[in-house]
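Everything below concerns the one structure shown next.
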Number of protein chains: 2
Amino acid sequence: MNILEDFGMRLKELRLRSNLSQDMLAARCGLDRTYIGSVERGERNISLKNIQIICNTLDIDISYFFCDERFSLRSASLKSELDRPLTERFRYYESAEENLIMWQVSGALSLEEIKSISVDLKAACLKLRLGKVKLLVDNRKMMASGEPIVFQHEITERWEELQRWFLPHCEQIIVLCNSKLMQNQMNRLAKRSGIIEVQRCLYCDDEDWLTKELRPESYFNIR
Amino acid sequence: MNILEDFGMRLKELRLRSNLSQDMLAARCGLDRTYIGSVERGERNISLKNIQIICNTLDIDISYFFCDERFSLRSASLKSELDRPLTERFRYYESAEENLIMWQVSGALSLEEIKSISVDLKAACLKLRLGKVKLLVDNRKMMASGEPIVFQHEITERWEELQRWFLPHCEQIIVLCNSKLMQNQMNRLAKRSGIIEVQRCLYCDDEDWLTKELRPESYFNIR
DNA sequence: ATGTGACTTATAGTCCGTG
DNA sequence: CCACGGACTATAAGTCACA
């Protein structure tokens with residue numbers, strides 16, 4: 001396996017994780033459909049500019065592109081995910097006593113669902129002492145067919161808007177991730193929304209990381 | 001600063017950290033001197049194959065090339081380093097009781113010095129219960145003019161030989177590093193010498209990481 | 001030891017198509 | 001939706017003489 005085939009496989013993985021066809025990715029990159037195909041097959045010695053264009057389109061750091069985390073070449077089917085009741089895929093909880101809000105995403109969410117969730121979360125936050133809120137986000141189960149979900153553009157924009165809203169109210173934000181890919185994605189989101197100073201995105205590849213009980217006291221100084 | 005200039009700067013940094021001229025690097029890569037120069041100035045849209053060739057020559061992962069750790073553009077002068085007495089730059093210690101050997105590299109070492117050190121370390125190791133030896137290597141002060149030293153090819157080969165010799169005798173190896181660059185370098189070395197299974201290369205960017213006292217009991221289960 | 005401009009040739013990347 | 005092909009144009013690779 002040479003570097004070009006390797007890169008091609010990686011691209012295919014990440015494209016499928018993002019639920020895009022070669023056609024759609026090419027269009028978003030401003031590159032040719034057949035070109036993306038031949039890169040994926042390892043037939044092209046792609047240049048740095050185009051690598052960057054593709055990475056920006058997929059919203060993934062170049063360095064992540066060359067790391068050792070790998071995924072299947074199966075496309076992430078979100079359809080079946082979205083059939084599960086929302087209460088299985090999203091849960092939140094706020095505590096006035098600890099001035100803390102936390103939520104868990106355990107599957108895919110549709111754009112409409114995120115919109116209504118945003119309203120609820122903002123209302124919940126406003127019950128707390130603003131400026132000093134601790135926010136704990138648990139994305140460890142945000143998976144489809146056993147692999148991490150990568151956001152679509154429209155979805156990312158929604159989360160970004162929500163994070164921007166939360167930023168001035170929070171003193172600390174912790175986001176738990178289920179992969180380096182998720183961590184990369186959340187860090188990029190954090191940089192864009194300007195919250196990188198107060199936010200930490202965490203991921204371990206310990207065996208039990210994904211299933212450990214969510215305990216705010218292990219991330220924040222509480223009592 | 002576009003991606004090409006960025007890449008060029010990065011290349012220059014890492015080349016200087018490796019104490020190579022454009023000429024020497026080009027020769028080792030099998031590329032033209034002026035080509036390397038124009039890449040460093042961000043004038044070329046370099047392709048993936050050539051990126052890989054350069055990375056292999058510098059013995060650095062592609063992913064590291066695109067990470068956020070940066071160095072100065074000053075060349076690492078090893079000459080003045082090598083004038084300091086060897087006892088300041090290298091120290092080792094073995095404990096039969098704990099079946100442990102540890103060493104500290106605190107500056108540059110010449111090829112001759114490494115050869116004689118190797119002999120001493122092997123002799124020290126043979127005093128222990130073989131197969132169960134714990135090895136602790138402290139590279140946190142392996143610096144020249146305040147920045148991490150990157151090995152020359154000949155030097156790497158020596159360390160690799162030493163590591164290969166130690167491998168069958170050790171049950172665990174911990175290497176402390178002073179940068180992601182050092183960590184990258186040591187991990188590559190570990191993969192090549194086949195010891196990656198028992199070796200862990202550690203680095204934190206905590207403030208006191210570089211100066212913390214060396215305490216084997218914090219890395220191994222001892223007593 | 002590196003920067004510059006001018007040059008050739010190889011191949012990256014596009015656009016049309018087919019199965 | 002994707003693999004593959006042929007014909008085309010733009011651009012990267014690679015070399016040189018000279019500062």
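Naming convention: chains lettered A, B, ... in sequence-line order (proteins, then strands); numbering from 1 in each chain. Quantities reported herein were computed from a predicted structural model and do not represent experimental measurements.
- Between the CE atom of A/Met24 and the P atom of D/dC2 there is a distance of 10 Å, given to the nearest Å.
- Of all non-hydrogen atoms in A/Leu58 and A/Arg15, the two that sit nearest each other are CD2-CA, 4.3 Å.
- In this structure, CG of B/Leu31 is placed 8 Å from P of D/dT15, rounded to the nearest angstrom.
- Applying the side chain to side chain contact (heavy atoms under 4.5 Å, CB included) criterion to B/Glu113, with sequence neighbours excluded, gives B/Leu82, B/Leu86, B/Arg89, B/Leu109, B/Ser110.
- Nearest approach of A/Ser18 to A/Val150, heavy atoms of both residues: OG-CG1, 3.5 Å.
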Can you name the atoms? Protein N/O to nucleotides 16-19 of chain C N/O, anything below 3.5 Å, with the distance.
residue : atom : partner : partner atom : Å
C/dG17  : O6   : A/Arg33 : NH2          : 2.9

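- Listed by first and then second residue, the salt bridge (charged side-chain N to carboxylate O under 4.0 Å, His left out) pairs involving residues 16-36 of chain A are A/Arg17-A/Glu147 (not counting sequence neighbours).
- Every residue meeting the ring pair (Phe, Tyr, Trp, His ring centres under 6.0 Å) condition with B/Phe166, not counting sequence neighbours, appears here in chain and number order: B/Trp103.
- Under the ring pair (Phe, Tyr, Trp, His ring centres under 6.0 Å) criterion, B/Tyr35 pairs with no residue, sequence neighbours left out.
- For the side chain to side chain contact (heavy atoms under 4.5 Å, CB included) test, residues two or more places apart in sequence or in another chain that qualify with B/Gln152 are B/Asn19, B/Leu20, B/Glu154, B/Ile155.
- The side chain to side chain contact (heavy atoms under 4.5 Å, CB included) search around B/Pro85 returns B/Thr87, B/Glu88, not counting sequence neighbours.
- Near DNA chain C, defined here as any heavy-atom distance below 4.0 Å, the residues from residues 2-22 of chain B are B/Arg15, B/Ser21, B/Gln22, listed numerically.
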Pairs of donor and acceptor atoms involving the side chains of residues 201-212 of chain A, under 3.5 Å and at least two apart or interchain, shall be tabulated with distances.
residue  : atom : partner  : partner atom : Å
A/Trp209 : NE1  : A/Cys177 : O            : 2.7
A/Thr211 : OG1  : A/Asp208 : O            : 3.4

Subject >> side-chain hydrogen bond (donor to acceptor under 3.5 Å, both in side chains) between A/Tyr64 and A/Glu69, intermediate numbers included >> reply: CA-CA 8 Å; A/Tyr64 178 77; A/Glu69 188 174 78; 2.7 Å; yes
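- Remark: B/Phe65 engages B/Phe7 in a ring pair (Phe, Tyr, Trp, His ring centres under 6.0 Å) (not counting sequence neighbours).
- By the 6.0 Å contact criterion, NZ on A/Lys115 is enclosed, its count of non-hydrogen atoms from other residues, nucleotides or ligands being greater than 12.
- Contacts between residues 58-66 of chain A and DNA chain D, defined by a heavy-atom separation under 4.0 Å, are absent.
- Taking both residues in full, the closest heavy atoms of B/Gly107 and B/Arg84 are given as CA-NH1, 4.4 Å, listed atom of the first, atom of the second, then distance.
- The phosphate of D/dA13 (OP1 or OP2) has a side-chain N or O of B/Tyr35 nearer than 4.0 angstrom.
- Residues of residues 39-50 of chain A that place a heavy atom closer than 4.0 Å to DNA chain C, in numerical order, are A/Arg44, A/Asn45, A/Ile46, A/Ser47, A/Asn50.
- Following rounding to the nearest Å, B/Asp23 (CG) and C/dA1 (P) show an atom-to-atom distance of 6 Å.
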